[in-house]
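Okay, so here's the structure we're looking at.
We name chains A, B, ... by the order of the sequence lines, and we start the count at 1 in each one. The figures that follow rest on heavy atoms only: side chains count, while hydrogens, waters and symmetry mates do not.
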Protein chains: 2
Amino acid sequence: MTDLDRFDRQLLNLVQQDAALTAEQLAEHVSLSASAIQRRLKRLREQGVIQRQIAVLDAAAVGQPTTFIANLQVESERPELMARLRAWLDAEAAVQQAFYVTGEADFVLVVTSWDAVSYEALMARLLADNPHVRRYTTQVAMGVLKRGLVLPVPQ
Amino acid sequence: MTDLDRFDRQLLNLVQQDAALTAEQLAEHVSLSASAIQRRLKRLREQGVIQRQIAVLDAAAVGQPTTFIANLQVESERPELMARLRAWLDAEAAVQQAFYVTGEADFVLVVTSWDAVSYEALMARLLADNPHVRRYTTQVAMGVLKRGLVLPVPQ
DNA sequence: AATGAAAAAAACGGACC
DNA sequence: GGTCCGTTTTTTTCATT
């Protein structure tokens, strides 16, 4: 872990909420000059602490996609099959998140799709391309209460 | 749904990947002038299609938090209890995502926490503050294969 | 109504101390 | 880390379709 001082942690919490804040606006909350803040943000980006900046869209505005949560069970956990699945999931834009978990399922996926039909088509391809995926169950999200990627950074 | 033309959809797909691109850089992919692109982005922000811009952090760099997936079962789905739970989840920074789902569980939460102890403490508070939450099961993420919020916007 | 080009204003990114 | 200053980017304005 990179060591982050109090200023870094403050900045990280702020830019996780709003990455469009200017250095000057950030300076109102962090007692540093705008230049110092820019230097720190640049360093945090270079170190990879800040991986990227993204725009978060309103789901309704881009066509009311439905969120599905898929629980996968796999037969084998051989590294090359894992790598293949990982690559498959990465390439699939509809897959928002993928976790390798303990418990009943082996993987939990968060998938957005236009409807049940296109979701089933996606999962059919997943099974076809990854033979070691044995089966899956699905939960359909009737509502999304919260949707973010914020990692709380303690001050 | 706001109607979005081909240019808007192109821009949305680009800024979901990288919100730090300048208008001039975007102009290399979208056949519009930088001015037109900035006007469109401004409009998309004002319309709420682009809800916000956020920085995505490297989880490892901010202290190796663990991701937990909690499946909640609630006793009652009365609107005021739902609203209370929603507010509770919103206020809790460790809760990254919350879905109201069909199937066995009623809610699926994606939670990041420093360790099992702080996760259990969080869930204990959740139960204490929301009496209609009957029980929950937990899946612990051993690995995060993918982590994003991209909504594919068809061209 | 929306575009492209050109102007003004703001923000950024080094070099310096 | 703060200040200064040239450069880049955004924002506003304006003429054009």
Side-chain angles (χ1 to χ4, degrees), chain A residues 1-63 148-155, chain B residues 1-58 61-63 148-155:
Chain A
M1 174 180 170
T2 328
D3 51 49
L4 307 167
D5 66 15
R6 194 173 64 84
F7 295 123
D8 290 328
R9 293 194 296 268
Q10 280 186 314
L11 287 174
L12 291 174
N13 279 323
L14 289 167
V15 296
Q16 281 191 101
Q17 306 292 337
D18 187 355
L21 291 169
T22 65
E24 210 153 331
Q25 290 172 314
L26 289 167
E28 294 169 15
H29 298 90
V30 181
S31 51
L32 284 175
S33 70
S35 292
I37 286 170
Q38 277 173 351
R39 275 194 293 265
R40 279 168 179 269
L41 289 177
K42 185 187 177 211
R43 195 198 69 226
L44 291 167
R45 282 192 297 265
E46 287 170 352
Q47 289 177 333
V49 176
I50 295 175
Q51 289 184 329
R52 56 210 177 98
Q53 293 172 229
I54 62 170
V56 180
L57 307 190
D58 175 26
V62 296
L149 291 178
V150 176
L151 300 175
V153 183
Q155 300 297 343
Chain B
M1 175 178 173
T2 327
D3 52 48
L4 306 168
D5 66 13
R6 195 173 63 86
F7 295 125
D8 290 328
R9 292 194 297 267
Q10 281 187 315
L11 286 173
L12 291 174
N13 279 322
L14 289 167
V15 296
Q16 280 191 102
Q17 305 292 338
D18 187 356
L21 291 169
T22 65
E24 210 152 331
Q25 291 172 313
L26 289 167
E28 294 169 14
H29 298 90
V30 181
S31 50
L32 282 175
S33 69
S35 298
I37 286 171
Q38 269 165 351
R39 272 194 297 263
R40 279 166 180 268
L41 289 176
K42 185 185 177 210
R43 195 199 68 224
L44 290 167
R45 283 192 296 265
E46 287 170 351
Q47 288 177 334
V49 177
I50 295 176
Q51 289 184 328
R52 56 212 176 97
Q53 293 172 230
I54 64 170
V56 179
L57 307 190
D58 175 27
V62 296
L149 291 177
V150 176
L151 299 175
V153 182
Q155 298 298 341

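Taking all atoms of both residues into account, the shortest heavy-atom contact from B:Ala19 to A:Ala55 is CB-N, 3.7 Å. In plain terms, the two heavy atoms of B:Arg6 and B:Gln155 that are nearest each other are O-OE1, 4.0 Å.
DNA chain D is contacted by no residue of residues 46-55 of chain B, taking any non-hydrogen atom closer than 4.0 Å.
Heavy-atom contacts of chain A under 4.0 Å fall on DNA chain D between two terminal nucleotides, which in 5' to 3' order are D:dG1 to D:dC4.
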Reading nucleotides 6-17 of chain C 5' to 3', which nucleotides get B (base under 4.0 Å from a protein heavy atom), which S (sugar-phosphate only), which -?
-> B----SBBBB--

Name each donor-acceptor pair under 3.5 Å that joins a side chain in residues 42-53 of chain A to protein atoms two or more places apart or in another chain, with its distance.
{"residue": "A:Arg43", "atom": "NH2", "partner": "A:Asp8", "partner atom": "OD1", "Å": "3.0"}
{"residue": "A:Arg43", "atom": "NH2", "partner": "A:Asp8", "partner atom": "OD2", "Å": "2.7"}

Show which side-chain atoms of residues 27-39 of chain B pair as donor or acceptor with protein atoms under 3.5 Å away, not counting sequence neighbours.
{"residue": "B:His29", "atom": "ND1", "partner": "B:Gln25", "partner atom": "O", "Å": "3.4"}
{"residue": "B:Ser33", "atom": "OG", "partner": "B:Ala36", "partner atom": "N", "Å": "3.2"}

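Using a 4.0 Å heavy-atom cutoff across all strands shown, B:Arg43 reaches no nucleic acid atom at all.
Proximity of a side-chain donor or acceptor of B:Gln16 to a complementary backbone N or O of B:Leu151 within less than 3.5 Å is detected.
Remark: B:Leu4 CG to B:Leu12 CG distance equals 6.0 Å, nearest 0.5 Å. Atom CG of residue B:Leu41 and atom CG of residue B:Leu11 lie 5.5 Å apart, to the nearest 0.5 angstrom. Distance CG/A:Asn13 to CZ/A:Arg9: 9.5 Å, rounded to 0.5 Å.
Whole-Å rounding puts the B:Ile37 CD1 to C:dG4 C1' distance at 12 Å. Atom CG of B:Leu4 and atom C1' of C:dA2 are 16 Å apart (whole Å). The distance between atom CZ of B:Arg40 and atom C1' of C:dG4, rounded to the nearest whole Å, is 13 Å.
Proximity of A:Leu26 to A:Val15: side-chain heavy atoms (C-beta onward) are separated by under 4.5 Å at one or more points.
Taking five base pairs at each end of the helix from C:dA1-D:dT17 to C:dC17-D:dG1, the local helix axes there meet at an angle of 20°, rounded to 10°.
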